[in-house]
Amino acid sequence: ITVRITKSQKNKEQEQLLLKNKILMLELQALQAMMNPHFVFNVMNSIQHYINTKNTSSANKVLTGFAKLIRKNLEICTKSYISLEEEIEYLNLYLSLEKYRFGEKFSYNINIDKQIETEEVFIPSMILQPYIENAIWHGIMPKEEGGDVALNITKENEDYLSIKIIDNGIGIKNSLADKKSNHQSKGMDLTHERINLLNRIEAKPIQLFIEQN
């Protein structure tokens with residue numbers, strides 16, 4: 001009986017280690033997806049446009065914002081969990097760059113429940129940005145008049161947050177219908193897989209819902 005119990009415990013420990021290793025691999029891939037070549041290329045194009053039009057003030061702002069975003073990415077990639085405060089700081093950097101690129105066609109706002117102590121609450125790193133990026137690129141950009149994205153974070157109870165990313169774009173069903181295949185961003189796929197794995201080793205599961213209003 002002792003041998004069986006010991007063997008069972010070792011098998012569980014090995015399974016946990018394999019899961020954690022896979023999560024780390026997905027975190028690395030998620031970081032790579034966040035700095036996708038299209039985003040970098042478009043930011044560089046924006047900077048070039050401002051330089052060519054001799055708008056050095058805007059060029060400097062975009063360049064500074066991009067440098068901060070890269071630095072933040074390097075900080076985040078060393079952590080599996082980050083404070084909500086860090087996450088909001090990162091998202092503000094990312095969204096401000098998208099705002100520079102799309103101008104009046106895009107607006108955003110971040111609303112956080114005052115009850116939440118953002119420096120004390122921790123969430124998995126790199127978990128929200130892929131969904132916000134998808135909302136902008138596949139929801140809002142196809143609309144001629146553009147649109148906006150809202151990030152609303154409220155406290156459900158002592159153990160749970162409710163994080164809602166809401167956009168007034170064309171809708172996920174319409175976005176998928178417009179494509180030849182059921183395309184979904186790489187970042188979203190990786191994040192979904194990470195959530196499934198985290199739910200197998202963490203006591204408090206993450207629940208994910210994606211729907212068209």
Side-chain angles (χ1 to χ4, degrees), residues 23 26-40 42-43 69 72-73 76-77 79-99 101-102 105-113 116 118 121-143 146-156 160-179 182-199 202 204-213:
I23 289 168
L26 288 170
E27 286 171 0
L28 180 59
Q29 291 175 44
L31 175 68
Q32 292 168 341
M34 284 165 73
M35 280 287 99
N36 69 72
H38 295 294
F39 175 70
V40 174
N42 288 327
V43 170
L69 190 73
K72 200 68 188 170
N73 267 341
I76 287 173
C77 74
K79 307 171 186 176
S80 293
Y81 284 80
I82 61 172
S83 70
L84 188 58
E85 185 177 48
E86 282 183 282
E87 180 73 8
I88 297 304
E89 183 186 349
Y90 175 82
L91 292 176
N92 265 316
L93 283 170
Y94 169 73
L95 286 163
S96 64
L97 284 173
E98 293 288 36
K99 173 66 178 171
R101 289 184 48 235
F102 295 118
K105 192 177 179 184
F106 171 61
S107 63
Y108 70 91
N109 59 80
I110 298 175
N111 307 300
I112 306 170
D113 191 334
I116 300 170
T118 55
V121 175
F122 285 78
I123 64 173
S125 60
M126 302 173 288
I127 205 167
L128 301 181
Q129 188 268 350
Y131 296 100
I132 291 176
E133 181 182 284
N134 202 68
I136 296 169
W137 282 87
H138 302 293
I140 290 170
M141 288 309 111
K143 294 176 65 178
D148 57 80
V149 170
L151 174 64
N152 300 329
I153 304 176
T154 56
K155 192 173 183 179
E156 290 286 292
Y160 282 93
L161 292 180
S162 169
I163 302 176
K164 293 182 180 180
I165 299 164
I166 304 168
D167 69 85
N168 63 347
I170 63 172
I172 190 165
K173 292 177 185 175
N174 297 329
S175 176
L176 292 174
D178 286 344
K179 296 176 175 62
N182 284 351
H183 169 79
Q184 182 167 281
S185 77
K186 184 181 178 183
M188 281 176 63
D189 287 338
L190 290 169
T191 304
H192 197 205
E193 193 173 348
R194 279 177 64 211
I195 287 171
N196 287 338
L197 290 174
L198 286 167
N199 285 347
E202 298 291 346
K204 298 169 185 173
I206 299 168
Q207 298 176 21
L208 175 67
F209 304 96
I210 301 175
E211 60 188 12
Q212 179 165 311
N213 286 337

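All values below come from the heavy atoms of this structure, side chains included, with hydrogens, waters and symmetry mates left out. Just so it is clear, the structure is predicted and the values come from calculations on it, not from any experiment.
No more than 12 heavy atoms of other residues, nucleotides or ligands shown are found within 6.0 angstrom of NZ on Lys164.
The distance from atom CG of Asp113 to atom CD of Glu156, rounded to the nearest 0.5 Å, is 10.0 Å. Atom CG of residue Leu69 and atom CG of residue Leu91 lie 10.0 Å apart, to the nearest 0.5 angstrom. Distance CD1/Ile112 to OG1/Thr154: 11.0 Å, rounded to 0.5 Å. Note that CD of Gln212 and CD1 of Ile170 are 8.5 Å apart. Values are rounded to the nearest 0.5 Å. Separation of atoms CG (Asn152) and CG (Asn111) is listed at 4.5 Å; rounding is to 0.5 Å. Going from atom CD1 of Ile110 over to atom CD1 of Ile132 covers 6.5 Å, rounded to the nearest 0.5 Å.
Under the 4.5 Å side-chain criterion, counting only non-hydrogen atoms from C-beta, Ile136 is in contact with Leu95. Contact of the Tyr131 side chain with the Asp167 side chain is not registered, since no non-hydrogen atoms from C-beta on lie closer than 4.5 Å. Inter-residue side-chain proximity for Ser107 and Phe102 is flagged as unmet; no heavy-atom pair is nearer than 4.5 Å. The closest side-chain heavy-atom distance from Leu84 to Leu161 is below 4.5 Å.
When every heavy atom of Ile140 is checked against every heavy atom of Lys105, the shortest pair comes out as CG2-O, 4.1 Å. Ile165 approaches Leu128 most closely through the heavy-atom pair CD1-O, 3.9 Å. Considering all non-hydrogen atoms of both residues, Pro142 and Trp137 come closest at CD-O, 3.6 Å. Contact detail for Ile82 and Glu87: the closest heavy-atom pair is CD1-OE1, 3.1 Å. Between His192 and Leu208, the closest heavy-atom pair is CD2-CD2, 3.5 Å. Heavy atoms only, all atoms of each residue included: Lys72 and Leu93 are closest at CB-CD1, 4.4 Å.
Aromatic ring pairs are classed by plane angle as parallel below 30°, tilted from 30° to 60° and perpendicular above 60°; the pair Tyr90 and Tyr94 is parallel.
Judged by distance alone, with hydrogens and angles left aside, the side-chain atoms of Lys99 form a donor-acceptor pair with the main-chain N or O of Phe106 at under 3.5 Å. One N or O on the side chain of Asn168 and one on the backbone of Asp148 form a donor-acceptor pair closer than 3.5 Å. The backbone N or O of Ile206 lies less than 3.5 Å from a partner atom in the side chain of Asn199, making a donor-acceptor pair.
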Can Ser83 and Glu89 be said to form a side chain to side chain contact (heavy atoms under 4.5 Å, CB included), step by step? CA-CA 10 Å; Ser83 70; Glu89 183 186 349; over 6 Å; no
I would like to know whether Ile163 and Ile127 meet side chain to side chain contact (heavy atoms under 4.5 Å, CB included); could you show each step before the answer? CA-CA 11 Å; Ile163 302 176; Ile127 205 167; over 6 Å; no
